Amino acid sequence: MGDIILEIKDLKKYFPLADGKTVKAVDGVSMKLYKGETLGLVGESGCGKSTIAYTVVGMYGASGGEVLYKGTDLAKKGYKRTLEQKGEIQIVFQDPGSSLNSRRTIEKSMEVPLDIHDKMSREKKTERIEELLEMVGLPKEYKSKMPRNIGGGERQLISVARALATNPELIILDEPTSALDVSVQAKVINTLIELQKKLSLSYLFITHDLSLMRNVATRVAILYLGRLCELAPTTEFFHAPLHPYTQMLLSSIPVVTEEEEAIKPGQIISQGEIPSPVNAPKGCTFHTRCRDCMEICKTQMPVMVEVEPEHFVCCHKYKAKEEL
Ligand code: SF4
């Protein structure tokens, strides 16, 4: 699958609470991101997707595990990221309204990363901002507008342009279209796909919208209560989902075409609510909602096994290919 740009190993992020309890937001996640691919990280609200993103970009320190970027562990205690590393990993947030300063023109907001990473003259800076706007399909005149005077889709494209200012190699897209009207979501997605091809970018695409991943992701990973359930190449993921939770999610996606209908698992009624990460169930954390639950599931946590090349699943129903 090519070179690995990012590898997360047994990543943990715990938040202590005032009453002495702990929220295990991310609890032992391991995955690789290959150069030039889009890895879709999918799960319900509160499953730990954004916590992984913030730990990778350094907004949170890790409670345990490694975040290996090009082989260097960025999460190691005491390790200070270089300016170059900070520029190479960028993030685009869900709400462009709050990630852009409402009292600054687009140009002023876009100058910030340029001033930090790439000191340049006034003229060069203006030239670069116009070039970045053009890269995301916006006219250069947009630089003098205020965020409130443009649409949500355009604001998100400006957030993407600002992320590109430091010539990143890896961009974390944290629900980049979920705050947008459906009519502008496609434009933002198409721009991201074009930019990826043109600039050989790698994306960690965080979303709760599984159907979006069918057209965007190279591989899809499913997260539940801070742990990975399944990770597989996109085609295999949609044709042969293995984990009961993945099957439950896929069965609830509305389908349009006959082809989609043919591969959709039969209707699986979602049981129960997602438990609190403060009090995660023992054994398999999904056992309280799983229709296939066995006795072992209530006491023993399953481990991730590779059932087919690059297809991983964490469930007692499956064994690693070499064990069969
Ligand atoms: Fe269901 Fe057991 Fe698999 Fe968990 S380990 S998903 S409870 S079958």
Side-chain angles (χ1 to χ4, degrees), residues 6-17 21-33 39-56 60-68 75 172 174-175 204-208 210 213 217 219-232 237 241-250 268 270-308 310-320:
L6 177 76
E7 182 169 9
I8 293 169
K9 282 189 180 170
D10 199 23
L11 184 67
K12 296 186 176 86
K13 180 63 193 172
Y14 299 165
F15 296 97
L17 299 177
K21 291 182 179 158
T22 304
V23 178
K24 294 185 174 178
V26 178
D27 196 18
V29 168
S30 299
M31 59 188 180
K32 293 171 186 162
L33 180 65
L39 174 61
L41 186 57
V42 186
E44 292 166 288
S45 298
C47 70
K49 316 182 285 289
S50 294
T51 306
I52 292 178
Y54 300 162
T55 312
V56 171
Y60 291 158
S63 307
E66 295 169 73
V67 174
L68 297 162
I172 314 234
D174 187 10
E175 307 248 18
L204 177 60
F205 198 125
I206 291 169
T207 181
H208 61 267
L210 198 46
M213 290 297 97
R219 293 181 303 141
V220 181
I222 298 289
L223 199 64
Y224 183 78
L225 273 185
R227 298 177 67 87
L228 276 188
C229 301
E230 186 161 4
L231 195 165
F237 179 87
L242 297 177
H243 196 283
Y245 179 54
T246 311
Q247 292 170 347
M248 188 179 101
L249 290 178
L250 283 171
I268 300 170
S270 165
Q271 308 184 52
E273 291 288 315
I274 185 164
S276 159
V278 182
N279 238 335
K282 286 204 168 53
C284 169
T285 50
F286 185 60
H287 87 254
T288 51
R289 299 172 77 192
C290 181
R291 61 178 186 158
D292 297 336
C293 179
M294 304 169 280
E295 271 315 303
I296 186 177
C297 308
K298 296 176 186 168
T299 53
Q300 217 168 297
M301 195 177 278
V303 291
M304 197 65 130
V305 291
E306 189 171 16
V307 286
E308 292 291 339
E310 291 295 326
H311 191 160
F312 300 86
V313 63
C314 184
C315 171
H316 286 303
K317 285 169 65 186
Y318 304 98
K319 293 207 174 338

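Treat the numbers as computed from the prediction; the structure is a model and nothing was measured.
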By salt bridge (Lys or Arg N to Asp or Glu O under 4.0 Å) - contacts of K298 (at least two apart)
E295
For K317, check salt bridge (Lys or Arg N to Asp or Glu O under 4.0 Å) against everything at least two apart and list the hits.
D292
Quick check against the 3.5 Å criterion: does [X] have a side-chain atom that pairs as donor or acceptor with the backbone of [Y]?
X    : Y    : value
E230 : L242 : yes
K49  : G43  : yes
K24  : K13  : no

Approximate separation, where rounding is to 0.5 Å, of [X] [atom1] and [Y] [atom2]:
X    : Y    : atom1 : atom2 : result
I274 : E44  : CD1   : CD    : 4.5 Å
I206 : I172 : CD1   : CD1   : 6.0 Å
I296 : H287 : CD1   : NE2   : 12.5 Å
L231 : I222 : CG    : CD1   : 9.0 Å
E306 : M304 : CD    : CE    : 10.0 Å
L223 : Y245 : CG    : OH    : 8.5 Å

For [X], enumerate each residue passing the side chain to side chain donor-acceptor pair (under 3.5 Å) test, keeping only those at least two apart in sequence or located in another chain.
X    : result
T207 : none
E175 : S178, H208
Y60  : none

May I have the step-by-step check of side chain to side chain contact (heavy atoms under 4.5 Å, CB included) for M31 and R219, ending in yes or no?
CA-CA 11 Å; M31 59 188 180; R219 293 181 303 141; over 6 Å; no
Applying side chain to side chain contact (heavy atoms under 4.5 Å, CB included) to T51 and F15, what does each step give before you reach the verdict?
CA-CA 11 Å; T51 306; F15 296 97; 4.0 Å; yes
What donor-acceptor contacts under 3.5 angstrom involve side-chain atoms of residues 276-286, with partners at least two apart or in another chain?
unit_1, atom_1, unit_2, atom_2, d
S276, OG, V278, N, 3.0

Go through the steps for D27 and Y14 under the test side chain to side chain contact (heavy atoms under 4.5 Å, CB included), then give the verdict.
CA-CA 8 Å; D27 196 18; Y14 299 165; 2.6 Å; yes
What's the verdict on side chain to side chain contact (heavy atoms under 4.5 Å, CB included) for F237 and H311, showing C-alpha distance, side-chain angles and the deciding distance?
CA-CA 8 Å; F237 179 87; H311 191 160; 5.8 Å; no
Does NZ in K32 sit with more than 12 non-hydrogen atoms of other residues, nucleotides or ligands closer than 6.0 Å?
no
